[in-house]
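Notes for the one structure printed next.
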Amino acid sequence: MTDIESVRVHLKLIDQVGKQAPEQMVWQALQKYLMATEQPEFALLTRQIKKLPFENREKLVELFSEFHVHSKLWCIEELRRVLPSWPDRVIILGGWAGQWALAFKWLSSVRQIFSVDLDIGATELGRHLSEPYCYKEIEFVQTDLRDFVAQHIWMPQDLVVCSVMEHLCDPLSWQRSIPKGTLVAWQGSSDSKPSDHVHPFSSIGEFKAATPLEVTLFEGTLNWAQADRFMRIGLI
């Protein structure tokens, strides 16, 4: 199992070199370094990113900003801390271009991972980035997350993760389709600048009202210069 700090460092490297053209030596040097230091999983990811057209790679690198990386790994760190063991399956609603799935594969012992995205481009990007690993545990699903939640065959050992609550007009409505007692990890942002942030949250109190839990295992705020990110983990 890969450690969280290694993932953090590698994604920061991608953020730093990602805007370089594919023919530039920095990409090759990074790949060689990762192989030499026995980090083949990161070398493969770097190679897949390098294969992307420059305009697609620019968009992807935006996802690897320190804020995004830190908030995703914060979620996994807190899940590690509060759970006695990992559940069998993880359903990721809003897949972070497939990087959530890879992070859970590397940093947990879950047996099956669903990465759900509405955008077909994000779904295909996730498949591209994970292609060389041949992970049978990961399934990429392109559909509306509300439809997936309503039609999914739930199991007692499911964990549902969603870090895109600020993108959803009515966060409460689709949560009602999730069976009572299901383990969830919710994140939402206070950032109101992006046009697709239709439901930013001004405080942890507002976020708490939009994400009711029967049992709360964790509740907190990640303060960042650009915005605050709120997170709740517990049983719905």
Problem - Inter-residue atom distance Thr182.OG1 - Glu214.CD, 0.5 Å rounding - result: 11.5 Å
Handout entry: CA sep, side-chain torsions, deciding dist, call: Phe42, Val7, side chain to side chain contact (heavy atoms under 4.5 Å, CB included)
Key = CA-CA 8 Å; Phe42 299 142; Val7 175; 3.9 Å; yes
Exercise for the section: Give the minimum heavy-atom separation between Val110 and Pro87, together with the two atoms involved. Expected result: CG1-O, 3.4 Å
Problem - 4.5 Å side-chain heavy-atom contact, Trp100 and Val90 - result: no
Handout entry: Nearest-0.5 Å distance that lies between atom NE2 in His152 and atom CG in Asp147
Key = 14.0 Å
Handout entry: Atom CZ of Arg89 with >12 non-hydrogen neighbours under 6.0 angstrom
Key = yes
Handout entry: Nearest atoms (heavy-atom pairs only) where Asp158 meets Ile153
Key = OD2-O, 4.4 Å
Handout entry: Asp117 side-chain N/O to Gly95 backbone N/O, donor-acceptor pair under 3.5 Å
Key = yes
Practice task
Look at the side chain of Ser189 and the backbone N and O of Asp191, then say whether any donor-acceptor pair between them is shorter than 3.5 Å.
Solution key: yes
Practice task
Kindly say whether His128 contributes a backbone atom to a donor-acceptor pair with the side chain of Gln48 at under 3.5 angstrom?
Solution key: yes
Handout entry: Pairwise distance CG(Leu125) to CG(Asp119) - rounded to 0.5 angstrom
Key = 9.5 Å
Problem - Backbone of Phe67 reached by a side-chain donor or acceptor of Ser71 within 3.5 Å - result: yes
Fill in the blank from the handout: Interatomic distance, CZ@Arg127 vs CZ@Phe140, rounded to 0.5 Å, equals 7.5 Å
Completion exercise
For Lys72 and Ser163, the nearest pair of non-hydrogen atoms, with its separation, is CE-OG, 3.4 Å
Exercise for the section: Answer whether the closest heavy-atom distance between the side chains of His70 and Arg8 falls below 4.5 Å. Expected result: yes
Exercise for the section: Say whether Leu145 and Met155 are linked into one hydrophobic cluster, either directly or through other cluster members, by side-chain heavy-atom distances under 4.5 angstrom. Expected result: no
Exercise for the section: For the residue pair Trp106 and Tyr135, confirm or rule out a side-chain donor-acceptor distance under 3.5 Å. Expected result: yes
Practice task
Anything under 30° is parallel, anything over 60° is perpendicular, the rest tilted; go ahead and classify Phe114 against Phe148.
Solution key: tilted
Practice task
Decide yes or no for Lys51 and Ile49: does some side-chain heavy atom of the first lie under 4.5 Å from some side-chain heavy atom of the second?
Solution key: no
Exercise for the section: Dump the intermediate steps for side chain to side chain contact (heavy atoms under 4.5 Å, CB included) on Leu213 and Val184, then the final yes or no. Expected result: CA-CA 9 Å; Leu213 299 174; Val184 299; 3.5 Å; yes
Problem - Donor-acceptor pair, side chain of Ser190 and main chain of Asp228, under 3.5 angstrom - result: yes
Practice task
Say whether, by atom type as modelled, one donor and one acceptor occur between the side chain of His199 and the main chain of Met165 under 3.5 angstrom.
Solution key: no
Handout entry: pair Leu83-Ser85: side-chain heavy atoms closer than 4.5 Å
Key = no
Practice task
Quick one: pull up CG in Leu52 and CG in Leu129 and give me the separation to the nearest 0.5 Å.
Solution key: 6.0 Å
Exercise for the section: Take Arg80 and Glu77, measure what salt bridge (charged side-chain N to carboxylate O under 4.0 Å, His left out) needs, and give me the verdict at the end. Expected result: CA-CA 5 Å; Arg80 278 181 163 184; Glu77 284 178 314; over 6 Å; no
Exercise for the section: Ignoring hydrogens and angles, tell me if any N or O in the side chain of Gln175 forms a donor-acceptor pair with the backbone of Ala210 under 3.5 Å. Expected result: yes
Completion exercise
Heavy-atom closest pair (Ile204 atom, Gly220 atom, distance to 0.1 Å) is CD1-O, 3.8 Å
Practice task
Step by step, work out the side chain to side chain contact (heavy atoms under 4.5 Å, CB included) result for Lys105 and Ser130.
Solution key: CA-CA 11 Å; Lys105 171 61 182 173; Ser130 65; over 6 Å; no
Exercise for the section: Indicate, with yes or no, if Ile120 and Val116 share a hydrophobic cluster defined by side-chain heavy-atom contacts under 4.5 Å among Ile, Leu, Val, Met, Phe, Trp and Tyr. Expected result: no
Handout entry: Cluster link Met231 to Leu235, ILVMFWY, side chain under 4.5 Å
Key = yes
Fill in the blank from the handout: Taking every heavy atom of Val161 against every heavy atom of Trp186, the minimum-distance pair comes out as C-CZ3, 4.3 Å
Exercise for the section: Under the side chain to side chain contact (heavy atoms under 4.5 Å, CB included) rule, what do Trp224 and Arg229 come out as? Steps first, then yes or no, please. Expected result: CA-CA 8 Å; Trp224 213 258; Arg229 182 160 286 275; over 6 Å; no
Completion exercise
Closest non-hydrogen contact found for Pro132 with Leu44 is CB-CD2, 4.1 Å
Practice task
With rounding to the nearest 0.5 Å, note down the distance linking CD in Glu137 to OG in Ser108.
Solution key: 10.0 Å
Problem - Min side-chain heavy-atom separation Val160-Leu183 under 4.5 Å - result: no
Practice task
Output yes when a side-chain donor or acceptor of Gln142 lies under 3.5 Å from a complementary backbone atom of Leu118, and no otherwise.
Solution key: yes
Problem - Note, Trp154 side chain near Val149 side chain (heavy atom, < 4.5 Å) - result: yes
Handout entry: Close side-chain approach of Thr216 and Arg232, heavy atoms under 4.5 Å
Key = yes
Problem - Pairwise side-chain contact, Thr211 with Ile236, heavy-atom cut-off 4.5 Å (strictly under) - result: no
